[in-house]
Amino acid sequence: METFRAFRSMVRDSLGHITHGSKVYHLWMFLLTVVMLIGMYAYYIQLEQGLSATGMTDRVSWGLYISNFTFLVGVAAAAVMLVMPTYVLHDIDFKQAVLIGEGLAVAALIMCLAFIVADLGGPAVAWHLIPFIGVFNFPNSMLAWDVIVLNGYLFINITIPLYILFRHYQGKEAKHNIYVPGAILSVLWAVAIHLVTAFLYQGLQARPFWNNALLGPRFLASAFAAGPALIILVLAAIRKFSEFKIPDKTIRKIAIIVTVAAQINLIMLVSELFKEFYAPTHHSESAIYLYFGLEGKNALMPWIWTAIPLNVLATVLLTVHKFRSNFKILYFACFILFVAIWIEKGFGLIVPGFIPGPYGKIAEYTPTWVEIWVTLGIWALGAFVFTMLAKTAIGIELGKLRYRKKETIQSETH
Amino acid sequence: MEANKKWYQLDLGLGNKKTSQTTCGCGKSSGGCGSTKEDSRQATQSISAAEFDAAVEQEIMGDTAVAQTQKDGFQQVFDVKMDRRTAFRKLTASLLVGAGAVHTSCSITTSGEAKEKAQIDWEEQFKGNYKLMTQEEKQATVDRLVRSYQLRKKKNIKMTATDASKDVLFGYAFNISKCQGYMNCVSACVEENNQDRNSEMQYIRIHEMKDGQGFKFNEADDNYYHEVPAEGHFYMGTQCFHCDNPPCVNVCPVEATWREEDGLVVIDYDWCIGCRYCMAACPYDGRRFNWSKPEVPEEEVNKNQHYLGNRLRKKGVMEKCTFCVQRSRSGRDPACVEACPTGARIFGNLLDPNSTIRWVLENKQVFRLKEDLGTEPKFWYFMD
Ligand code: SF4
Ligand code: SF4
């Protein structure tokens, strides 16, 4: 009963907390709301017209939505890089970063699910996908696996921080033996969501561009570069806009993770390029299309040739110790790395899978405005969710939100 | 004989057949008993080349050369078990429809109809997966769909839910030397299967290739608008190959698409959530998606429908060639086979040793596309 009351009070306090804030905060939330509303309107158009409102066709049947989904699974999985050392190895530096990281994972997962729903032709019958209510093609379909692992991961990443914050809210310490098993589970689970998502593509013998054994590992490497890079940027913003103290040491440590992952990612990229271009076969056509265009069609070339130099530049900047310790350069490097991987693991991965088609037809894909706005709307939704989560978490961690406080005040006045 | 299979393989017992061909009537496995090889072939082979040509000829004339199931369309309509209530409902429904325009203006009937419509929509929205339905449930959903069409369009359609017959495995063969690229099959398919006219959806693609350059699909033109046959070109049709080990079925997260007992790979349009994973998984460009609401002019709607086949689709679902399940399961050839003026298309029961398709498989040099993928398509190409 007591716990229940405390929980209710926490929810109420958090709601109060997230509706109050500085001017910048309100402006930020307002902007996000506007983008979300436009996105919703665009989605409404898509519902009315059907998916023909997007740039997708029978020839290129997945586009921006699935690209962003793929990328965001990586971001979500990357939270684990912070969970591991903090909870299990008692590395104190990461403790604050971890709550932020898990908040980021939750936001990324919500975006993932939103992208999947946006991509469905029949969102009204999406309940067919719910285990036990619908029919679940388990274990055959990798998409069924993905639904399970993503929702499971979402559950884990909501419960662990919730438990910790709830304990802190009541002014108690979180019990080690309760959350550590959960943390270990989430570590394994994070690898699973990423591998399963890679297998989604890797398992298709119809698409040689995806059907390659390096896809899974490369997913992991790029995720562990892009995810923590985003966390660094977010931590930088939090340091600037709130009183939450994040020591330099924490950011430095995360930067090391980013660096190593970016280096491994680059090595794998070289290996992939070598395989495709040293002895090109029929199966290299997608890669040729991606990097050089085929039959005069080269819509993806500008993108990939932006991504590759950014990727290399970021990796170099991160590798050189002098640059990495300069926070301005570090933030810049993280930003371009994030963009580069978004391009590369987003539509640089999904779209060429369909080009050329099964019989060699080359039909290009260009997203429409409807699609772009829905995508922006979902990103805004993610940012919105994350801001709320982070603000509450910071409030509790700073001691601004406390269960006892109010009660003591009340009893004093009596 | 295939105990050490390393991957999935379609087994029609053709191999067995071949070995028995070399033995002669006396049972010895190699020569010496006096009977010629020709004779032994006659014994095991029930169709000769001449008969085959005659069969093809017959097909061109419009008759059906293969009869896998005994029932014809009419028998099926009348064989459908109707309990008294559905019969009553159907009767009243047709009366109402018959009375037509007068009744629609009458508020009592319309509100009653509106209620029924809502009831049908509700039940349709929350019905289960066709594959897992019992016979009664299957019939119930078919009845609902027929009734719904009556209510909406004031027209009657005939929809069946015929299941696969035993000892039938449908297969298809395509004669590359005969095809002239007329594309009669394409338009017959569109009409038969109620495909969206707006987006000009077509299940069949005819690829025009240059003579003497082999099968270069990437250089082929699958969207030509000139007179055929074009000088120096040959033609090859593709569609869903009804793989015996279909990758599209494995990947579907909700089992909205599956392989039926008679080898047809079908889709429950009402269960499909439109994720298009199957489309990505198909190596043969076999699937088509309804990107917007499919439209077929009322007078062009083919009213002879099958739940898994050519019934009208909605937006946001997957569809594809079903080997015209509404025809093939009632003993007729698919529309494309019937429409082909050259006799390039052969369809039939692979398990029937006397069928034309078996004769082709056993006597022609056949091949399939992308065999290395292990999908085991039931669609063979051959040349004269
Ligand atoms: S051709 Fe494609 S759609 Fe048809 S059964 Fe094979 S994989 Fe499935
Ligand atoms: S589009 Fe439909 S049939 Fe294809 S995989 Fe998705 S749910 Fe299954």
Side-chain angles (χ1 to χ4, degrees), chain A residues 46-54 56-62 66 116-117 119-130 133-147 200-201 203-208 210-211 282 285 294-295 350 353-354 356-362, chain B residues 125-126 128-129 131-132 198-199 201 205 207 216-220 222-223 236 238 247-258 268-294 314-318 369-370 372-375:
Chain A
Q46 182 188 308
L47 277 184
E48 281 294 299
Q49 282 185 24
L51 283 166
S52 56
T54 69
M56 294 182 274
T57 58
D58 277 349
R59 310 259 188 190
V60 182
S61 49
W62 280 341
I66 295 293
I116 289 278
V117 172
D119 188 65
L120 289 186
V125 288
W127 60 270
H128 295 172
L129 255 181
I130 303 171
I133 299 177
V135 176
F136 214 50
N137 190 4
F138 192 83
N140 275 340
S141 172
M142 278 297 133
L143 202 54
W145 278 77
D146 222 22
V147 168
L200 203 84
Y201 308 104
L204 302 180
Q205 69 266 58
R207 311 279 168 190
W210 296 337
N211 190 3
H282 234 66
E285 291 217 300
L294 270 179
E295 298 178 11
I350 303 304
F354 293 98
Y359 294 124
K361 256 274 162 315
I362 296 161
Chain B
Q125 174 73 24
F126 293 105
N129 184 335
K131 179 182 161 187
L132 307 172
N198 279 348
S199 63
M201 183 193 288
R205 291 195 210 282
H207 306 258
K216 287 225 171 96
F217 274 102
N218 51 340
E219 287 165 23
D222 66 2
N223 200 16
M236 220 167 148
T238 58
C248 55
V249 165
N250 269 341
V251 300
C252 178
V254 293
E255 296 186 30
T257 179
W258 63 90
D268 180 354
Y269 312 119
D270 291 332
W271 194 256
C272 169
I273 57 172
C275 67
R276 308 190 296 294
Y277 195 11
C278 53
M279 200 166 211
C282 171
Y284 302 108
D285 191 21
R287 294 186 164 239
R288 304 285 178 268
F289 189 69
N290 286 291
W291 299 95
S292 29
K293 189 176 184 323
K314 45 193 176 186
K315 89 177 165 221
V317 300
M318 196 56 74
L369 294 182
K370 304 191 191 179
D372 49 335
L373 297 184
T375 49

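A, B, ... follow the sequence lines: proteins, then strands. Residue 1 opens every chain. All values derive from a computational prediction rather than experimental measurement.
Closest approach of B:A281 and A:A206 over heavy atoms only: O-CB, 3.3 Å. The minimum heavy-atom distance linking B:P253 with A:L143 is given by the pair CG-CD2, 3.6 Å. The shortest non-hydrogen separation linking A:H128 to B:V254 is O-CG1, 3.4 Å. A pairwise comparison of heavy atoms in A:N137 and B:C252 identifies ND2-O, 2.7 Å as the closest pair.
Checked by atom type and distance alone, the side chain of B:K315 never pairs as donor or acceptor with a backbone atom of A:L51 at under 3.5 Å. Checking side-chain atoms of B:Y277 against main-chain N and O of A:M142 turns up no donor-acceptor pair under 3.5 Å. A donor-acceptor pair under 3.5 Å links the side-chain atoms of B:Q125 to the main chain of A:A124, judged by distance alone. Counting only distance, with no hydrogens or angles, the side chain of A:R207 and the backbone of B:A280 share a donor-acceptor pair below 3.5 Å. Of the possible donor and acceptor atoms, none in the side chain of B:D285 sits under 3.5 Å from a partner among the backbone N and O of A:P358. Between the B:W291 side chain and the A:G121 main chain, no donor and acceptor come within less than 3.5 Å of each other.
A 4.5 Å side-chain heavy-atom check between A:N140 and B:E255 finds every atom pair outside the cut-off. The shortest side-chain heavy-atom distance between B:T238 and A:Y359 falls under the 4.5 Å cut-off.
The contact between B:D270 and chain A is made entirely by backbone atoms, counting heavy-atom distances below 4.5 Å. Looking at B:C275, the atoms closer than 4.5 Å to chain A (heavy atoms on both sides) sit in the backbone and in the side chain alike. In this structure, chain A has no heavy atom under 4.5 Å from any part of B:S199. Interface remark: A:Q49 contributes backbone atoms only to the contact with chain B (heavy atom separation under 4.5 Å). Heavy atoms of A:F354 lying under 4.5 Å from chain B belong exclusively to its side chain. Within the 4.5 angstrom heavy-atom criterion, no atom of B:A256 approaches chain A. No part of B:K131 comes within reach of chain A, as not one of its non-hydrogen atoms sits under 4.5 angstrom from that chain. Neither the backbone nor the side chain of A:I350 comes within less than 4.5 Å of any heavy atom of chain B. At a 4.5 Å heavy-atom cutoff, A:I116 makes no contact with chain B through either its backbone or its side chain. Neither the backbone nor the side chain of B:V317 comes within contact range of chain A, judged by heavy atoms closer than 4.5 Å.
Rounding to the nearest 0.5 Å gives a distance of 9.0 Å between CG of A:L120 and SG of B:C272. In this structure, B:K293 NZ and A:E48 CD are separated by 12.0 Å, a value rounded to the nearest 0.5 Å. The line from CG of B:L373 to CG of A:L204 is 11.0 Å long, rounded to the nearest 0.5 Å.
Comparing A:D119, A:D146, A:N211 by how many heavy-atom pairs each has under 4.5 Å with chain B, the most go to A:D119. No other option in A:G122, A:G50, A:S141 has as many heavy-atom pairs under 4.5 Å with chain B as A:S141. Here A:S61 is the residue among A:A144, A:P356, A:S61 with the most heavy-atom pairs under 4.5 Å with chain B. Ranked by heavy-atom pairs under 4.5 Å with chain A, the list B:K314, B:M279, B:K370 is led by B:M279. Options A:V125, A:V147, A:T57 differ in how many heavy-atom pairs under 4.5 Å they form with chain B, and the most are formed by A:T57. Annotation: maximal heavy-atom pairing with chain A below 4.5 Å, among B:L132, B:N218, B:N290, B:I273, occurs at B:I273.
Between A:W127 and B:W271, the ring planes are perpendicular. Angles over 60° get that label, and only those under 30° would be called parallel.
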- request: Please lay out, stage by stage, how B:R205 and A:D58 fare under the test salt bridge (Lys or Arg N to Asp or Glu O under 4.0 Å).
  value: CA-CA 13 Å; B:R205 291 195 210 282; A:D58 277 349; 5.1 Å; no

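Around atom CH2 of A:W210, more than 12 heavy atoms belonging to other residues, nucleotides or ligands sit under 6.0 Å away.
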